[in-house]
Amino acid sequence: MRDNIYANPHSEVKDFTFDRSVVEVFPDMIQRSVPGYSTIVSSIGKLAKQFQQENSNIYDLGCSLGAATIAMRKFVDAPNCKIIGVDNSEAMVERCRLHINAFKSSVPAEIQCADINDIEIENASVVVMNFTLQFIPPEKRRFLLDKIYAGLKPGGVFILSEKFVFDDETINDALTDLHLDFKRANGYSELEISQKRSAIENVMKIDSFQAHIERLGNVGFSHVSSWYQCFNFGSFIAIKK
Ligand SMILES: Nc1ncnc2c1ncn2[C@@H]1O[C@H](C[S@+](CC[C@H]([NH3+])C(=O)[O-])CC(=O)[O-])[C@@H](O)[C@H]1O
Ligand SMILES: O=C(O)C(=O)Cc1ccccc1
């Protein structure tokens, strides 16, 4: 279904939530809003194959409808690997379970409805946060990343995709303009762009590209790099020694 949630004027633009109305249009919304999304999702599947370890867990934190989980199930083939998807939106989890069950795979996948700040991360070869950290309160991010690092096995990988702000204002303006043109080219009106920006401004707090790199190093990851960027969106890999 086409995302037209902000196509008409809202008398009051409420803070964005991943409710049932968003779930209904989510594939369209994220495809038309996040540049490079489908490339990132399919590559996450290939990265999971590169870093999979037998007898381990693979986490998809903030899984939404399970796009990254489904991509990983296509590539993961190590013995006794289980994918654990977690999301705190009941509407997302309900629909995600239907999506996962619609794809035949020998890789077990379990979808939990929970707050990722409250769950255990253990025996992990791969942890994915595909555009999720930006919705976690900033003061909770470091503790969550420390938990992810502690729960990863040696040689494990953390894959983190985010929207970025850039410290250099000239660069930030240029890449933001490219993103807005991307949305316009995908059929969003100025009204939709403006109302969506208002809806997410209190609930989606983005960090700088540099802050992500520095924090991942401070958390303890031995190898950290950006592996994909499209305008002001992109993805990092961080590998535990
Ligand atoms: N504290 C939390 N605990 C659990 N889930 C949360 C929390 N906060 C937010 N979420 C969930 O994180 C997801 C963010 S969307 C991820 C896309 C997906 N990864 C994809 O690859 O398609 C990104 C976007 O829409 O831009 C939503 O499903 C929230 O319910
Ligand atoms: O950054 C934006 O302009 C977005 O629209 C990102 C987004 C995509 C999907 C759900 C919430 C936010």
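What you see is a predicted model, and the numbers here were worked out from it, not measured in a lab. Just so you know, ligand 1 is whichever comes first in the structure, and atom 1 is the first atom listed for that ligand.
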*Consider every N or O of V34 and every N or O of ligand 1, then say whether any pair is closer than 3.5 Å.*
no
*Among S89, S64, C96, which residue places a heavy atom closest to atom 13 (C) of ligand 1?*
S64
*Do side-chain atoms of Q52 reach the backbone of V76 as a donor and acceptor pair under 3.5 angstrom?*
no
_Pair E120 + K147: basic N to acidic O under 4.0 Å_ = no
*Where's the contact between L61 and ligand 1, heavy-atom distance under 4.0 Å: side chain, backbone, both or neither?*
neither
*Examine the proximity of ligand 1 to I136 and report which part, side chain or backbone, both or neither, has a heavy atom under 4.0 Å away.*
side chain
*Please write out which residues are connected to F143 in a hydrophobic cluster, directly or through intermediates, given that two of Ile, Leu, Val, Met, Phe, Trp, Tyr count as joined at side-chain heavy-atom separations below 4.5 angstrom.*
none
*How far is atom 26 (O) of ligand 1 from its nearest protein heavy atom, and which residue and atom name does that atom have?*
F135 CE1, 3.7 Å
*Group every Ile, Leu, Val, Met, Phe, Trp and Tyr by side-chain heavy-atom contacts under 4.5 Å, then state whether I116 and V128 land in the same group.*
no
*Could you check if a side-chain atom of M129 sits within less than 4.5 angstrom of a side-chain atom of L61, using non-hydrogen atoms only?*
yes
_N130 side chain to S161 side chain, donor-acceptor N/O pair below 3.5 angstrom_ = yes
*Measure the acute angle between the ring planes of F131 and Y37, then classify it against the limits of 30° and 60° as parallel, tilted or perpendicular.*
tilted
*Pick from Y37, F26, F18: the one approaching atom 22 (O) of ligand 1 most closely through a non-hydrogen atom*: Y37
*F131 contact mode with ligand 1 (heavy-atom cut-off under 4.0 Å)*: both
*State, yes or no, whether a side-chain contact exists between F26 and D3 at a heavy-atom distance under 4.5 Å.*
no
*Between Y149 and F221, what is the ring plane arrangement, given parallel below 30°, perpendicular above 60°, and tilted in between?*
perpendicular
*Could you pull out, from D115, D87, T17, the option with a heavy atom nearest to atom 11 (C) of ligand 1?*
D87
*Report, in ascending order of atom number, the atoms of ligand 1 lying under 4.0 Å from any heavy atom of A114.*
3 (N), 4 (C)
_Nearest candidate to atom 5 (N) of ligand 1, where distance is taken over non-hydrogen atoms, out of L65, N117, N88_ = N88
*Got a sec, which residues hit salt bridge (charged side-chain N to carboxylate O under 4.0 Å, His left out) with D77, two or more places apart in sequence or on another chain?*
K49
_Residue-ligand contact S161/ligand 1, heavy atom below 4.0 Å_ = no
*What protein heavy atom sits nearest atom 21 (O) of ligand 1, and how far off is it?*
N130 ND2, 2.8 Å
Sub-3.5 Å pairs, protein N or O with ligand 2 N or O:
residue  : atom  : partner : partner atom : Å
ligand 2 : 1 (O) : K163    : NZ           : 2.8
ligand 2 : 3 (O) : K183    : NZ           : 2.8
ligand 2 : 5 (O) : K183    : NZ           : 3.0
ligand 2 : 5 (O) : K196    : NZ           : 2.8

*Only counting residues at least two apart or in another chain, list the ones meeting salt bridge (charged side-chain N to carboxylate O under 4.0 Å, His left out) with E94.*
R20
*Going by the angle between their ring planes, with limits at 30° and 60°, are F16 and F18 parallel, tilted or perpendicular?*
perpendicular
*Specify the protein heavy atom at minimum distance from atom 3 (N) of ligand 1: its residue, its atom name, and the distance to 0.1 Å.*
I116 N, 3.0 Å
